[in-house]
A.B. asks: 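Pasting in a structure now, in structure tokens, and then I'll have a few things to ask.
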Amino acid sequence: MPFYKKLGNIPRKRHTAFRKEDESLYREQVMGTKGFSGMQSILYHHDAPTEIVKSELYADCHLEYEEQKDLCHRHFQTDFESNLGDAVSGRQFILGNDDLLIGVVKTTKSMDYYYRNSDGDELLFVHYGTGKVESMFGTIHYEPGDYIVIPVGTIYRVVPNINEETKLLVIETTSWITTPKRYRNEHGQLLEHSPFCERDIFGPEKLETFSEKGSFEVRTKSRGFLHSHFLSHHPMNVEGWDGYLYPWKINIRDFEPITGRIHMPPPIHQMFEGHNFVICSFVPRLYDYHPDAIPAPYYHSNVDSDEVLYYVQGNFMSRKGINEGSITLHPSGIPHGPHPGTIEASIGKKETLELAVMIDTFKPLKVVNQTNILEDSNYKYSWAPK
């Protein structure tokens with residue numbers, strides 16, 4: 001994140017004595033990336049974050065992938081019944097590689113433990129549902145369309161509103177997630193031609209501090225495993241913090257689309273980037289306005305990237321047989337494009353009302369085992385003449 005934020009109480013100078021009413025010290029924690037040269041924040045705890053009373057290996061998180069099959073376009077339908085899991089344990093991963101995992105979760109259950117991903121940043125996209133994300137940096141309330149970026153190492157839990165189901169598109173990374181570099185100046189400020197600005201970005205709204213003692217579980221994902229750590233104090237015991245590293249959200253509906261006289265390439269939809277991947281937002285927008293423009297995308301070959309689309313809402317004009325919650329994978333190496341008839345049907349159309357999230361990866365994606373139960377196996381033939 002390119003701008004500074006502060007919540008709660010902190011001392012005037014960093015790395016100096018900061019005392020409670022009883023004259024004991026708050027425990028300072030510097031949390032940062034890239035050693036000490038990346039983004040960082042400084043947190044002040046009532047108790048040391050290292051006070052673990054029990055540690056054990058909880059689960060193996062390694063996924064098994066399909067053996068190589070024929071290279072083809074694939075379609076997965078994620079409108080399955082929600083299981084008994086929460087926003088972490090209920091995640092059903094569909095695609096992955098060494099850089100990221102892509103999955104979905106549907107849940108009505110609040111997490112009865114806390115969680116941190118110490119392998120990389122996470123992005124939670126709220127398809128539907130409302131609730132809150134409680135973190136060591138404070139609380140963020142969510143609603144449909146929110147992207148919530150959770151930095152590596154952040155302790156948090158997801159609490160859906162009572163009697164309401166939340167569905168999330170989940171992207172777990174082994175790196176970082178940030179805004180596109182081309183939309184920022186050398187100081188980190190978003191530029192005038194950026195399709196969103198700092199006014200659209202919201203950090204934690206309120207810092208709630210819990211100083212009680214006891215036994216509190218934090219499950220930590222690291223090195224492909226889930227580890228269970230029990231602390232002797234509440235993990236949300238932060239009195240105050242400041243810095244540049246913290247969870248934040250932006251809503252897909254605050255993305256201002258870039259349009260032109262003729263069809264514009266997919267990079268105009270980009271909203272985030274990470275190591276070897278980008279994330280784009282397709283939002284309601286006016287179509288191309290050249291008198292002979294064809295609004296439907298041209299056939300194209302992603303010779304060095306795989307393309308994933310998660311369909312959120314509306315009628316995606318270049319596709320047939322796609323529903324809300326569908327995930328399509330168009331792998332590198334073969335061309336893809338609009339379904340038969342959609343090019344002609346798009347001519348003369350003035351606008352689209354679709355919402356979708358696109359993820360392009362620069363390493364091939366693999367399909368998680370058992371995902372075939374969600375698959376429309378005829379999708380790869382849907383371009384063939386009838």
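All residue numbers in this chain count up from 1 along the given sequence.
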A.B. asks: With sequence neighbours left out, which residue pairs that include part of residues 144-164 fulfil the ring pair (Phe, Tyr, Trp, His ring centres under 6.0 Å) condition?
C.D. replies: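 Every ring pair (Phe, Tyr, Trp, His ring centres under 6.0 Å) pair that includes a residue of residues 144-164, provided the two are not neighbours, is Tyr115-Tyr156, Phe125-Tyr147, Tyr147-Phe272.
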A.B. asks: Could you list who else is in Phe225's hydrophobic cluster, with ILVMFWY side chains joined at under 4.5 Å, directly or through other members?
C.D. replies: Leu57
A.B. asks: With rounding to the nearest 0.5 angstrom, report the NE2 to CG distance, His275 to Asp121.
C.D. replies: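 If we round to the nearest 0.5 Å, His275:NE2 and Asp121:CG are 13.5 Å apart.
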A.B. asks: Apply the hydrophobic cluster definition, ILVMFWY joined by side-chain contacts under 4.5 Å directly or through others, and give me every member besides Leu71.
C.D. replies: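 Besides Leu71, the hydrophobic cluster comprises Ile334, listed by chain and residue number.
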A.B. asks: Are any non-hydrogen side-chain atoms of Val218 and Tyr113 less than 4.5 angstrom apart?
C.D. replies: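 Side-chain contact under 4.5 Å: no.
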A.B. asks: Can you see whether Tyr26 has Lys20 sitting over its ring - NZ or CZ less than 6.0 Å from the centre and within 45° of the normal?
C.D. replies: yes
A.B. asks: Would you mind reporting whether Ile252 and Val283 have side-chain heavy atoms less than 4.5 Å apart?
C.D. replies: yes
A.B. asks: Going by the rule ring pair (Phe, Tyr, Trp, His ring centres under 6.0 Å), which residues pair with His269 if we only count those two or more places apart in sequence or in a different chain?
C.D. replies: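 Ring pair (Phe, Tyr, Trp, His ring centres under 6.0 Å) list for His269, sorted by chain: Phe282.
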A.B. asks: Assess the residue pair Glu307 and Leu309 against the criterion (side chain to side chain contact (heavy atoms under 4.5 Å, CB included)); give the C-alpha distance rounded to whole Å, side-chain angles, the decisive distance to 0.1 Å, and a yes or no.
C.D. replies: CA-CA 7 Å; Glu307 178 187 285; Leu309 268 167; 4.1 Å; yes
A.B. asks: Quick one about Glu324 and Tyr311 (side-chain donor to acceptor, distance below 3.5 Å, no hydrogens or angles considered), yes or no?
C.D. replies: no
A.B. asks: Hey, could you give me the CD1/CG distance between Ile94 and Leu329, rounded to the nearest 0.5 Å?
C.D. replies: 10.5 Å
A.B. asks: Flag the pair Lys54 and Glu217 as a salt bridge only when some basic side-chain nitrogen lies within less than 4.0 angstrom of an acidic carboxylate oxygen.
C.D. replies: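 The answer is no: the pair does not qualify as a salt bridge.
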A.B. asks: Look only at the side chain of Trp176 and the backbone of Gly274, and say whether a donor-acceptor pair between them is shorter than 3.5 Å.
C.D. replies: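 Pair absent, no side-chain N/O of Trp176 close to backbone of Gly274.
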A.B. asks: In Å and rounded to the nearest 0.5 Å, what is the OG1 to CG distance from Thr371 to Leu95?
C.D. replies: 7.0 Å
A.B. asks: Ignoring hydrogens and geometry beyond distance, is a side-chain donor-acceptor pair present between Thr78 and Lys167 at under 3.5 Å?
C.D. replies: yes
A.B. asks: Going by salt bridge (Lys or Arg N to Asp or Glu O under 4.0 Å), name the pairs with one or both residues in residues 365-378, residues two or more places apart or in two chains.
C.D. replies: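 Those involving residues 365-378 are Arg74-Glu375.
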A.B. asks: In Å, rounded to the nearest 0.5 Å, how long is the span from NZ of Lys6 to CD1 of Ile42?
C.D. replies: 13.0 Å
A.B. asks: Evaluate the salt bridge (charged side-chain N to carboxylate O under 4.0 Å, His left out) criterion for residues Glu256 and Arg285: first the C-alpha distance (whole Å), next the side-chain angles of each, then the deciding distance (0.1 Å), finally the verdict.
C.D. replies: CA-CA 8 Å; Glu256 300 300 333; Arg285 62 194 183 278; over 6 Å; no
A.B. asks: Keeping to residues at least two apart or across chains, list the salt bridge (Lys or Arg N to Asp or Glu O under 4.0 Å) pairs with something in residues 131-140.
C.D. replies: Lys132-Glu134, Glu134-Arg157
A.B. asks: Does the side chain of Glu239 pick up a donor-acceptor pair with the side chain of His45 at under 3.5 Å?
C.D. replies: no
A.B. asks: Taking the six-membered ring for Trp and the full ring for Phe, Tyr or His, determine whether the centres of His73 and Trp383 are under 6.0 Å apart.
C.D. replies: yes
A.B. asks: Is any side-chain heavy atom of Pro338 less than 4.5 Å from a side-chain heavy atom of Tyr299?
C.D. replies: yes
A.B. asks: Using a distance-only test with no angle check, is there a side-chain donor-acceptor pair under 3.5 angstrom linking Ser232 and Glu51?
C.D. replies: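 Yes - a donor-acceptor pair under 3.5 Å links their side chains.
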A.B. asks: Could you grab the distance from atom OG1 of Thr154 to atom OH of Tyr246, nearest 0.5 Å is fine?
C.D. replies: 12.0 Å
A.B. asks: Name all pairs fulfilling the salt bridge (Lys or Arg N to Asp or Glu O under 4.0 Å) condition that reach into residues 242-253, sequence neighbours left out, sorted by first residue then second.
C.D. replies: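 As it turns out, the salt bridge (Lys or Arg N to Asp or Glu O under 4.0 Å) pairs with a partner in residues 242-253, which skip direct neighbours, are Asp146-Lys249.
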A.B. asks: I'd like to check the ring pair (Phe, Tyr, Trp, His ring centres under 6.0 Å) partners of Tyr58; sequence neighbours left out, ordered by chain and number.
C.D. replies: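 In terms of ring pair (Phe, Tyr, Trp, His ring centres under 6.0 Å), with neighbours along the sequence ignored, Tyr58 is linked to no residue.
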A.B. asks: Could you verify whether a donor N or O on one side chain and an acceptor N or O on the other, from His336 and His300, lie under 3.5 Å apart?
C.D. replies: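 His300 and His336 do have a side-chain donor-acceptor pair below 3.5 Å.
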A.B. asks: What closest approach, in Å, do Thr173 and Ile177 show between heavy atoms, and which atom pair accounts for it?
C.D. replies: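 Answer, listing the atom of Thr173 first, then Ile177: CG2-CD1, 3.8 Å.
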A.B. asks: Using 0.5 Å steps for rounding, measure from the OG1 atom of Thr108 to the CG atom of Asn163.
C.D. replies: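 With rounding to 0.5 Å, OG1 (Thr108) is 8.5 Å from CG (Asn163).
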A.B. asks: For Val53, which fellow cluster members are found when Ile, Leu, Val, Met, Phe, Trp and Tyr are connected by side-chain heavy-atom distances below 4.5 angstrom, either directly or through intermediates?
C.D. replies: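 Its cluster mates, by chain and number, are Phe230.
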A.B. asks: Side chains of Asn369 and Glu66: do they bring a donor and an acceptor to under 3.5 Å?
C.D. replies: no
A.B. asks: Which Ile, Leu, Val, Met, Phe, Trp or Tyr residues join Leu191 in one cluster when any pair of side-chain heavy atoms under 4.5 Å counts as a link?
C.D. replies: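 Its cluster partners, ordered by chain and number, are none at all.
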A.B. asks: Within the structure provided, determine whether Leu123 and Glu172 are in side-chain contact (heavy-atom separation under 4.5 Å).
C.D. replies: no
A.B. asks: Cut-off 3.5 Å, side chains only: do Thr130 and Asn161 have a donor facing an acceptor?
C.D. replies: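 There is such a pair (donor and acceptor under 3.5 Å, judged by atom type) between the side chains of Thr130 and Asn161.
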A.B. asks: Compare every heavy atom of Phe36 with every heavy atom of Val30, then report the nearest pair and how far apart it is.
C.D. replies: CG1-CE2, 4.4 Å
A.B. asks: Answer whether the closest heavy-atom distance between the side chains of Val308 and Ile327 falls below 4.5 Å.
C.D. replies: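 In short, these two side chains touch, coming nearer than 4.5 Å.
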A.B. asks: Would you list the pairs meeting salt bridge (Lys or Arg N to Asp or Glu O under 4.0 Å) in which at least one residue belongs to residues 100-119, sequence neighbours left out?
C.D. replies: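 Residue pairs passing salt bridge (Lys or Arg N to Asp or Glu O under 4.0 Å), neighbours aside: Asp79-Lys106.
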A.B. asks: Could you tell me whether Tyr298 and His263 have their ring centroids closer than 6.0 angstrom?
C.D. replies: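 They qualify: ring centres under 6.0 Å apart.
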A.B. asks: Output side-chain donor-acceptor pairs under 3.5 Å for residues 209-216, partner residues at least two apart or in another chain, one line each.
C.D. replies:
| from | atom 1 | to | atom 2 | distance (Å) |
| --- | --- | --- | --- | --- |
| Thr209 | OG1 | Val238 | O | 2.6 |
| Lys213 | NZ | Asp47 | OD1 | 2.3 |
| Lys213 | NZ | Asp47 | OD2 | 3.4 |

A.B. asks: Measuring centre to centre across the rings, with the benzene-like ring taken for any Trp, is Tyr183 within less than 6.0 Å of His193?
C.D. replies: yes
A.B. asks: Looking only at side chains, do Tyr244 and Gln40 share a donor and an acceptor under 3.5 Å apart?
C.D. replies: no
A.B. asks: Do Tyr310 and Thr328 meet the criterion of a side-chain donor-acceptor pair at a distance under 3.5 Å?
C.D. replies: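 Absent: no donor and acceptor within the cut-off.
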A.B. asks: Apply side-chain hydrogen bond (donor to acceptor under 3.5 Å, both in side chains) to Tyr114 and Ser135, showing your working.
C.D. replies: CA-CA 9 Å; Tyr114 293 88; Ser135 82; over 6 Å; no
A.B. asks: Using a cut-off of 6.0 Å, state whether more than 12 heavy atoms not belonging to Glu56 lie near its atom CD.
C.D. replies: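 Enclosed.
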A.B. asks: Is the distance between the ring centroids of Trp248 and Phe202 less than 6.0 Å?
C.D. replies: no
A.B. asks: Quick one, Ile359 with Ile171, criterion side chain to side chain contact (heavy atoms under 4.5 Å, CB included). Give me CA distance, side-chain angles, the key distance, then yes/no.
C.D. replies: CA-CA 9 Å; Ile359 307 153; Ile171 301 171; 3.6 Å; yes
